[in-house]
Amino acid sequence: MLQHLVIMLDDTAASYCHYESRKTQRRLISLDSLKSGILFAMKQNLMLQVVYPRYEIPDGHKAAIESIDHCKVAQGNGCVRGVAVIIFDGWRDAESRLAVAEAAESKEKIVVLRTGKADFFAGHASAMQLLSRAERLNVALTDVDTFGEKDFAAYREALAALGEAVKQLYAQGLRPQLNILTDRLQLEKANSCNAGYENVTLAPNGKFYVCPAFYLEDESDAVGDLSAGLDVKNRYLYGISHAPLCRTCDAYQCRRCVWLNRKTTGEVNTPSREQCVVAHLERNASRNLLRSLQSAGLYSAENAIDEVSYLDPFDALTGR
Amino acid sequence: MKKLVGKVTVEEKDEILALFERRNGLSELAKIVTAENDALYEKLVSDIGVTSTKFQRWWDDMSSKYQWEKEDSKKWEIDFDTCEIFLL
Amino acid sequence: MELIKDNVVPWQEGSAKSITFIVTKDCQLACKYCYLVGKNAGERMPFEVAQQAVDYILGNPQLFPEKSVVFDFIGGEPFLEVDLIDRVCDYIKVQLFEKSHRWFNSYRFNFSTNGVGYHEEAVQRYIEKNRSHLSIGITIDGTPAKHNLNRVYKSGKGSYDDVARNIPLWIKQFPQGGTKVTISSPDLPYVCESVLHLYALGIREVNINCVFEDVWRDGDDQLFEAQLVLLADEIIGKGYYRGYACSFFSEIIGKPLDPELQNQNWCGAGMMLAVDAAGVFYPCTRFAQYSLRSKKAVAIGSVREGVNRNRLRPFLTLDRSTQSPQECMVCEVAAGCAWCQGENYDAAETSTIYRRSTAICKMHKARVRANNYYWNKLYRKLELEGETNNFEKKEAHVIC
């Protein structure tokens, strides 16, 4: 069931996920389209998530957005007020601008850290600072599809180090949230992104897309528009029930990115080996963290994450 | 007229099937490998000898193990689908 | 002699890797139902490409763990490139032997040919050279009228005479050889007489199927069912069931399928590997561009880059329930209802293999009805003749 509408205000709107936003030419959504999109969300009873560009949008647009309950997603450059999700590109960006962003805001923040593997492996030591200052830290790896065996090993090590940092914060009485480590401690079912199934995106051209990545990759890949309505062909393929590898997988923290799936395997419902192994390294690191927290009396002993013998559920499913 | 005289296990059948296939493969390979290619030719000749020996040994071992009926002018044959041995 | 001849199971079915060389996209014929929309005389496989493919496949045995292999050569018409094929087969044999590859003990070369050039010297020389490792099927659709309805030369002339003259030679060389018959809407009135005609030609194995494409018209299912009932009467009446097989009639079709225990994919796409003249790998030939009407080709690598295993994942994890609409999952006669992954992909609204086309639904149901008729009639006959009493009897419920 559709629950969220993402509105991308401009072609240069910040990426908040795995995809790159490479467009440099501004193309602001028309006020009419914005208002129609908001009306659509209201009638469909959808929660609105608005993704901002790096520049200040016109007052008319601001007023339209403020006419409805919504969530603001923006780069951490301080030019948008009331941001709920702040995006940083890499550890250094986060370190240098978190204070600026904080100064501009009063609310506690969800921080999205978009980072490539080289940056992540080199900079994860500064996670403590971010974890203690943000309400929640979401790491979005931008090059999962390029991971090789050495990267998997490095990721395993980085997750172990992050696990230690999280444990220290727990010991200080904090409850840090780091998507790739702590989500799995509590989840009892998949926490998929569900783009195309539970959320769709309204792009600056007034058309609907599965998510911003689908729009940025190919504008002709629309799934409807504001006048004709939403039309997601083969919509069932975006749900987890029709994803053979995912529906029995317990790496629940995995966002099951359908854009990455299509990019790497050709099908929106099938993840690549790299995505699966990364998700299982996270899952296993969560298991180690849970056991470590439990043994220190910092977490309920009732929770458990089973041990599994594979890193890629494809191996388990196909017997390979 | 062929007469059913016994049966072997699937594993035993697989063993002779592999040897049968190998013998056929070597026989067809022999049509294209010439003595000019020394190494390959020698490997082939050697393999033909080894495979033929293994092939005959299988029949000797199995007939001894199962004590199949035999006649001088007739020979045994195996049905690879059923593992049955016939005298014909 | 077996009481009822079973449909022949393909060699090493389930344990053999199928490697397909698309050696040419040319053909002497221009069959009206041919799914190959992009046939042409230009794309012929260079030997070097085939060689690279063989080197890659045999050099990476861990990627191809099957105990046996079938090398398929297809076109167009494969025997148009018999000299190339001969050279490739020689290369394969030498490489298998030199590398002490396990497939040397278990390989076949497989062909589906239109039969037009079967008698030619080069083809016969090739057959003689590789006889014990060959599997060849000639496609002949039935009576001259039925065959010539679709299987025509580019000029429009029917090809029946040129194919039929080669059937005796083929049967002599491959007594177990089967033919593949494809049924489209205009062929329906000829189904019964065509199968009987093929039996009369000495072909004991007739593999026959309806095209998967959405070509069926109103009333086609009734016509099909009537033809199959006629055929059932003929097969039973004339005793063909003892030594001849027709794949339309099978005891295992027409039953419901368990959604969990019988959830396997029907099609083998992805288990196979096809390579074209440019050295591009496909999960099956049906995903090469020349086979597709409306979608882009689905490549899974190349002879230079190897197999992209991520691209294979959707094929290897695909199951029945994920791609089937609900009507198929609850269908009471689902067993034996086939699908082609390539046609599913080509017909789907989006570029996905996870969308089962149901264009064949009513034809399958017609087949099931005729199939039920066939087995009920045959077993009753055998029972009355005292030949069997061990078939599954229906419970004799009395309703009154």
Side-chain angles (χ1 to χ4, degrees), chain B residues 1-4 7-59 75 77-88, chain C residues 1-3 5-16 47 51 54 58 66-71 83-110 124-135 173-174 176 205 245:
Chain B
M1 183 70 182
K2 62 182 186 181
K3 181 182 179 186
L4 178 66
K7 196 168 182 177
V8 293
T9 66
V10 172
E11 292 73 27
E12 288 164 345
K13 180 267 294 181
D14 286 343
E15 197 182 331
I16 192 65
L17 177 59
L19 289 167
F20 175 77
E21 288 279 340
R22 185 164 196 86
R23 202 174 63 164
N24 286 341
L26 292 168
S27 164
E28 286 180 355
L29 189 61
K31 295 176 186 172
I32 55 173
V33 174
T34 62
E36 288 162 18
N37 187 340
D38 282 351
L40 190 62
Y41 185 77
E42 280 182 26
K43 183 173 155 77
L44 175 63
V45 170
S46 163
D47 204 326
I48 289 172
V50 170
T51 303
S52 293
T53 304
K54 285 184 182 170
F55 196 83
Q56 188 55 47
R57 189 181 303 139
W58 186 92
W59 285 103
K75 58 182 183 179
E77 185 183 270
I78 182 168
D79 182 327
F80 289 129
D81 293 327
T82 62
C83 301
E84 291 171 328
I85 307 294
F86 295 93
L87 183 68
L88 74 167
Chain C
M1 189 178 191
E2 59 194 334
L3 195 59
K5 182 171 166 55
D6 279 336
N7 294 309
V8 172
V9 178
W11 181 76
Q12 298 288 352
E13 188 180 46
S15 60
F47 174 74
Q51 188 179 34
V54 172
L58 301 189
E66 293 80 0
K67 72 169 193 174
S68 306
V69 64
V70 176
F71 293 102
D83 292 338
L84 166 76
I85 291 168
D86 186 30
R87 210 174 151 202
V88 173
C89 290
D90 284 355
Y91 185 71
I92 290 171
K93 288 183 282 188
V94 169
Q95 290 302 306
L96 286 175
F97 184 65
E98 276 195 340
K99 292 180 190 303
S100 300
H101 197 290
R102 65 180 179 283
W103 285 347
F104 187 77
N105 286 354
S106 199
Y107 69 91
R108 288 290 183 276
F109 299 130
N110 187 52
Q124 286 301 309
R125 200 168 48 236
Y126 170 80
I127 290 171
E128 184 53 35
K129 190 172 162 186
N130 296 283
R131 187 71 170 268
S132 65
H133 288 91
L134 285 185
S135 163
Q173 292 173 325
F174 299 95
Q176 304 303 321
E205 176 79 20

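No experiment lies behind these values; they were computed from the predicted model shown. In the text below, chain A, chain B and the rest are named by the order of the sequence lines, each starting its count at 1.
- Residues passing the side-chain hydrogen bond (donor to acceptor under 3.5 Å, both in side chains) test with B:T9, sequence neighbours excluded: B:E12.
- Only the side chain of B:I32 comes within contact range of chain C, with heavy atoms under 4.5 Å apart.
- Contacts of B:L44 with chain C are made by both backbone and side-chain atoms, with heavy-atom separations under 4.5 Å.
- Under the ring-ring contact (aromatic ring centres under 6.0 Å, His included) criterion, C:F97 pairs with C:F104, sequence neighbours left out.
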Counting distance alone, with no hydrogens or angles, which donor-acceptor pairs between chain B and chain C are under 3.5 Å?
unit_1, atom_1, unit_2, atom_2, d
B:E21, OE1, C:R108, NH1, 3.0
B:E21, OE2, C:R108, NH1, 3.3
B:E21, OE2, C:R108, NH2, 2.7
B:R22, NH1, C:N105, OD1, 2.8
B:E28, OE1, C:H133, ND1, 2.7
B:E28, OE2, C:R131, N, 3.2
B:E28, OE2, C:S132, N, 2.8
B:E28, OE2, C:S132, OG, 2.7
B:K31, NZ, C:E128, O, 3.1
B:K31, NZ, C:K129, O, 3.2
B:K43, NZ, C:S100, OG, 3.2

